[in-house]
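A quick write-up on the structure given underneath.
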Amino acid sequence: MGVDENLARLIAAGTAVCGASAILAVNGTKRIDEEHAVYAVACVPVLGTVSMLAVMTIGDLLELSPIAYGTWAGASLHEVAQVLGAVQHQVGSEPVATVVKLSRILFLPSALSGAS
């Protein structure tokens, strides 16, 4: 798509693991251009907010159970705040979403080792 490889790496880390925290961690290990880091940090919350709204809408349309919805939200959304925001309207999905999202955060070190 013509995106700089380093910028793509930062956005991928941000969307795959934990948003801005992952971007800054990967940037710290690779010393990627600061402008790319700023752009990636700006893009990920926008993408995450759109994703949060989509997850909420699609989850309602599919009438998912609290466990299924919480698992999906925790596994697919970029940042903890977005996960918690998306699950507030479905009682019982909050604990599941939190555990799934925090489990994804545990993969941050492997994302950093793969950034080399």
Side-chain angles (χ1 to χ4, degrees):
M1 295 179 72
V3 176
D4 180 80
E5 181 180 333
N6 288 327
L7 177 58
R9 179 177 286 135
L10 291 175
I11 293 174
T15 57
V17 184
C18 189
S21 301
I23 291 168
L24 297 176
V26 169
N27 190 49
T29 63
K30 297 299 292 177
R31 301 286 182 216
I32 297 172
D33 182 23
E34 189 174 308
E35 184 176 329
H36 287 326
V38 170
Y39 186 75
V41 168
C43 284
V44 169
V46 171
L47 295 171
T49 300
V50 170
S51 297
M52 180 181 72
L53 296 172
V55 164
M56 291 170 66
T57 302
I58 295 169
D60 288 345
L61 291 173
L62 295 175
E63 298 179 5
L64 297 174
S65 70
I67 292 174
Y69 181 73
T71 301
W72 183 36
S76 62
L77 294 171
H78 308 140
E79 296 188 5
V80 174
Q82 294 161 349
V83 171
L84 295 176
V87 298
Q88 291 305 306
H89 75 287
Q90 188 168 40
V91 176
S93 63
E94 301 94 337
V96 175
T98 303
V99 169
V100 170
K101 177 57 186 160
L102 293 178
S103 297
R104 281 182 56 208
I105 293 171
L106 293 175
F107 289 106
L108 185 56
S110 65
L112 292 176
S113 66
S116 53

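Excluded from the calculations below are hydrogen atoms, water molecules and symmetry mates; all remaining heavy atoms, backbone and side chain alike, are included.
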According to side-chain hydrogen bond (donor to acceptor under 3.5 Å, both in side chains), does anything in residues 82-97 pair up with another residue at least two apart or in another chain? List the pairs.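 Listed by first then second residue: Asp60-His89.
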With sequence neighbours excluded, give me every side-chain hydrogen bond (donor to acceptor under 3.5 Å, both in side chains) pair touching residues 35-44.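 Found Asp4-His36.
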Side-chain donor-acceptor contacts of residues 66-73 below 3.5 Å, not counting sequence neighbours, with atom names and distances?
| residue | atom | partner | partner atom | Å |
| --- | --- | --- | --- | --- |
| Tyr69 | OH | Ala86 | O | 2.7 |
| Thr71 | OG1 | Ile67 | O | 2.8 |

Going by side-chain contact (heavy atoms from CB on, under 4.5 Å), name the residues that satisfy it together with [X], two or more places apart in sequence or in a different chain.
X     : result
Ala75 : Val100
Leu24 : Val41
Ala97 : Val83, Val87

What's the shortest heavy-atom distance between [X] and [Y], and which atoms?
X      : Y      : result
Ala40  : Leu10  : CB-CB, 3.8 Å
Gly14  : His78  : O-CB, 4.0 Å
Ile23  : Ala37  : CG2-O, 4.1 Å
Val99  : Ser103 : O-OG, 2.7 Å
Arg104 : Gly74  : NH1-O, 3.2 Å

Quick one: does any side-chain atom of Lys101 pair with a main-chain N or O of Ser76 as donor and acceptor, under 3.5 Å?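 A pair under 3.5 Å: no.
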[X], [Y]: one ILVMFWY side-chain cluster at the under-4.5 Å cut-off?
X     : Y     : value
Val96 : Leu64 : no
Leu84 : Leu77 : no
Val80 : Leu53 : no

For Glu34, all residues meeting salt bridge (Lys or Arg N to Asp or Glu O under 4.0 Å), sequence neighbours excluded: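 By the salt bridge (Lys or Arg N to Asp or Glu O under 4.0 Å) rule, Glu34 matches no residue at all.
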State, with a plain yes or no, whether a side-chain heavy atom of Asn6 is found less than 4.5 Å away from one of Arg9.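 Asn6 reaches Arg9 side chain to side chain.
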